[in-house]
Amino acid sequence: MNGSSKKRILIIDDAALIRTYYRSALEVRGFIVEEALNGLEGLEKVLLQSFDLAIVDVNMPQMDGITFLLELRSKQLPVSGVPVLVISTEAGIQDLAAARRAGANYYLVKPIKQEVLAEYAAVFCGAPQ
Amino acid sequence: MTIALQDNVIRLIGSCPAEDGETLLQHLLTNPAAQIDWQGCESAHTTVIQVLLVSGRTVRGPAGGPFLERFIGPALARFNRQV
Amino acid sequence: MNEFMEQFLLESRELIVQAIDDLMALEAKPGDKESLDGAFRAFHTLKGAAGIVEFAAMARTLHAAEDILALLRSSTGAVSPNVLNECLACLDLTSRWLDAMQANGGTPPTAEADADEMIARLAGSMDIDESEKAVAAIPPGGDWLNRLQNAAGDQFFGTLTAVRLVPDPEAFFHGKDPISAIASLPKLLIVDLAPTDPAISLEAMNTFSCNLEILALTRAPIGEIREALHGFGDRAEICQLIPSQMPALDADHLARATAILEAQIGLLREEELGGLLGRLASAGRASANTLRYIGKSALAAEIEAASAVALAQGKAGPLITAIETALQREATSTQSTNTPTAQIAASRALRVDMDRIDALVRLTGELLVVKNTIGHLARKLQNHEGPEAVSSALHDQHARFDRLTAELQRAVLRIRVLPLRTVFRRFPRLVREIAGDVGKTVRLIIEGEGTEADATIVDALFEPLLHVLRNAVDHGIETSAGRELAAKPAMGTVIVRGRQDAENILIEIEDDGAGIDVDRIRTVAAARGIASEEALSAMPDAEAVDLIFSAGFSTAATVTGLSGRGVGMDSVRAAVGRLGGTAGVRSRRGIGTTVSLVLPFSLMMTRVMTVEAAGQAFGLPLDSVLETTIVSRSAIAPIGSGRAFVLRERTIPLINLAEALGLTCDEADRQSAKIVVVSTSGQIGGLEVDRLGERLDVMLKPMEGLLGGMRSVSGTTLLGDGRVLVVLDLQELFA
């Protein structure tokens, strides 16, 4: 991957520890990482900048991940077409279903290992072999 | 009779009902060296399986019933390995 | 303690404080929605943090508390004091765990038992609330999912429903046969049994009482299982496991790709119509990228085309069909996809002051002016205008260009710069805690926190500085009794000072403690065999004090929980050395100790990949590593005087790294060879190594001394464990 085509990822999670954990996993793999503390801030960021992937928590203050997804998908293209990976502590099938109904492209359960996260990010960004 | 003691072998036969738990326990306590054989056992109440589990003894099989053979036999064996 | 642990502890403590505040507010104002929500969120986030550091006992305890708060959120009644008390007790317990972790670095050994007890108390607190005593809550099951996974082995994949049934001890009297109920579950995969009391014996058991924990795993949907076990009420814990939890999936990236593609079809089939275009576009991008990742660019292009059609028509159909086709072709494809995983050049993000970016923009503007002027001058020359005028103008422009490039260089360096404040500001709180732990009062004075240095250096300074500060508080500053005897103020002082010194950054950690006992250093150094007694007695004091930086040196009479972590000042010197700096110490008996770190202002890092050969670690410059591969020994053929192997129909010369460096290589009878494929000045070659290591950012030092003349070496660097990593010059190696 050359410098001009670095992939940009937005992390939306209210826990600073989780954001740092994701960020360090992603940055060593060459991704450019932006952070948002909740869905509202996340929405502001996606409207202003372009991203290759958003990694979103479900349970957040002000605007949760599901509302974020619904809002995001209702915007104009290309903003609404950002792939979203939901990572939540909830492991139930109904949580997965709710995220998918709202427009999530994939759902993973916390805790997630850094290598696994980086791998998923690479898959979603189509990092070439 | 669904539990029979013969030649120091305790046989479980047919469908063992709830009260067989206590019968099996008494047999095991009075015959510490007895073998257990469930080849003729179709099914067994939880009380019986609980005694088998606590006894930690190997059960001569395969069990007569498919559920016992496929699920309970391996579960007993795993528990015995751990203890 | 790693960076996450450090942050985990800090943040968890903050969350605990926040949760306590909210719970107290709730006590003052029962039914206050905002406080309840706040407390719930704090517990939830704490649970998440516990998950990250893999502290299972903490995660499940907080999960239990969170469940209770969730119940309270959905009920309308006021919160009973009893529940609040247990939630506070839960925070208290968590707080004690954190203290233990801070002191010992690991999760406390009693945590599992503590958690069991706390969870039972939390469950109990709810019971009392309910007017009619409900079925007693299920006893805590610890890591039952893990146990089930172990029992299930390779059957543990796909969508599964897991059951934990702990029947009421009275179940038999109620005519229940729990195992038969399990036997009747559809699509059963595995059953696991254990007595609830592991110490039970035949002699002591009561066959009329059910004392079993029954675990089961099925492929049936959770609804069916719930219905089947309805009669057991709360005694049956049932949960659905979704595919992403399955470890098998992570092992195989083809399986992962399949799962992601299937998920896109799932998303596209959703009946919800809101945001259709966004769903289409995102599913198209996700699918195409997934295929690209596994090397199926042609399929990816087809998906993109189908996605465009779908977007134009506003219908999911064309995209679903294309993804399904891709899934089928992927499944039937015989082509090996076992190529090495993508390798992405590392970069670390950096927050940059807007002013600095503006300076770059301004410089760029000025450079453009120079470029235009030079173009103008060139045209003048073409038009044969007087060379004197052009030459003088060119000279002017060269001077301007010279100034601008120098400015540009400085501006670019300044972008990578951070103030020391970013690391210093974490210390006041930590020093207070450390002092509290050892029963001393210490004030920390910070000076020169605005001093700037390369971001990499600033980031890497935290650990070594914290270590020096710990030492200063723990071993340097005397107890207040000791200070009184020495006629010093009861409160000790530690100063952390940063300043720029020419091209270097100087950081000093000064304490007004007892100073270092040089004679004791000599004694210990002799006892540890660090130097001979003669050498030690001939050594000047300043040099002897420096021995505290020697590996394995620790003079503290009592090793405290704080500083006694098996790392000495040698780790500080090593860490500073890795950044290209030096560490020194000055001390005066009774007056105090000053540790000084001198660091370069900026540093240039080299990315290397580490490998092992003949038991030694070597670094290969990452920009020349193309890929790593494993080749069966039978596929390596002798060619001329050397050897070669074939990779994707291309013959590649192979050299054994140990042999090439003249090291003894134990000609192993291994079936396959681990090979790093490298490219050097346009040539591709393979290096056989014993082990493939990790990727590192290192700062190279030129070779000195004995190694200076060694062939094929471009420099050395210190590894985290103190070993020297030799970084190879591949061009010389293949020459």
Side-chain angles (χ1 to χ4, degrees), chain B residues 2-3 5 10 12 14-36 38 41-59 61 63-83, chain C residues 144 146-153 155 163-218 229 231-232 235:
Chain B
T2 44
I3 293 199
L5 173 67
I10 303 166
L12 310 185
S15 268
C16 298
E19 56 274 23
D20 275 0
E22 186 62 19
T23 319
L24 176 61
L25 176 65
Q26 293 313 324
H27 279 316
L28 287 171
L29 288 175
T30 45
N31 304 277
Q35 280 208 320
I36 311 169
W38 66 354
C41 183
E42 276 302 314
S43 66
H45 194 274
T46 305
T47 56
V48 177
I49 295 169
Q50 185 172 239
V51 173
L52 290 175
L53 184 73
V54 173
S55 79
R57 296 199 206 173
T58 352
V59 183
F67 174 73
L68 294 182
E69 185 199 335
R70 200 168 143 223
F71 296 104
I72 301 303
L76 294 177
R78 265 197 308 278
F79 179 72
N80 288 344
R81 272 202 305 275
Q82 280 167 23
V83 175
Chain C
W144 66 277
N146 290 339
R147 281 185 283 138
L148 199 50
Q149 182 178 353
N150 285 334
Q155 295 191 77
V163 177
R164 173 171 178 260
L165 177 60
V166 185
D168 190 290
E170 308 277 284
F172 299 151
F173 291 109
H174 300 142
K176 290 209 166 81
D177 183 357
I179 293 182
S180 293
I182 294 289
S184 66
L185 295 179
K187 297 186 182 166
L188 201 56
L189 285 177
I190 191 149
V191 175
D192 203 54
L193 299 173
T196 46
D197 173 8
I200 192 74
S201 66
L202 278 185
E203 289 75 18
M205 81 179 289
N206 171 0
T207 59
F208 305 104
S209 162
C210 186
N211 294 299
L212 276 178
E213 177 190 58
I214 308 163
L215 305 182
L217 200 60
T218 103
L229 297 178
F232 291 96
R235 287 273 165 181

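The analysis underlying the following values was restricted to heavy atoms, covering all of them including side chains, and did not include hydrogens, waters or symmetry mates. All values reported here derive from a predicted model rather than from experimental measurement.
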Check your understanding: In Å and rounded to the nearest 0.5 Å, what is the CG to CD1 distance from B:Leu76 to B:Ile49?
Key -> 7.5 Å
Practice item. Applying side-chain hydrogen bond (donor to acceptor under 3.5 Å, both in side chains), name anything that partners C:Ser209, two or more places apart in sequence or on another chain. Key: C:Asn211
Revision key, fill the gap. Applying a strict 4.5 Å limit to non-hydrogen atoms, the region of B:Phe71 in contact with chain C is both
Practice item. Examine distances only and state if a side-chain atom of B:His45 and a backbone atom of B:Thr47 form a donor-acceptor pair shorter than 3.5 Å. Key: yes
Practice item. Assess whether side chain to side chain contact (heavy atoms under 4.5 Å, CB included) is satisfied between C:Ile179 and C:Leu193, documenting all intermediate values. Key: CA-CA 10 Å; C:Ile179 293 182; C:Leu193 299 173; 4.1 Å; yes
Practice item. Output the residues of residues 50-59 of chain B for which the shortest heavy-atom distance to chain C is under 4.5 Å, in residue-number order; output 'none' if no such residue exists. Key: B:Gln50, B:Val51, B:Leu53, B:Val54, B:Ser55, B:Arg57
Review point. Can you check side chain to side chain contact (heavy atoms under 4.5 Å, CB included) on B:Cys16 and B:Cys41, steps first, answer last?
Key: CA-CA 8 Å; B:Cys16 298; B:Cys41 183; 4.0 Å; yes
Review point. Checking heavy atoms, do the side chain of B:Ile72, its backbone, both or neither come under 4.5 Å from chain C?
Key: side chain
Practice item. Ignoring hydrogens and angles, tell me if any N or O in the side chain of C:Arg235 forms a donor-acceptor pair with the backbone of C:Val166 under 3.5 Å. Key: yes
Exercise for review: Report the C-alpha distance between B:Thr23 and B:Thr2 in whole Å, list the side-chain angles of each, state the deciding distance to 0.1 Å, and finish with yes or no for side chain to side chain contact (heavy atoms under 4.5 Å, CB included).
Suggested key: CA-CA 10 Å; B:Thr23 319; B:Thr2 44; over 6 Å; no
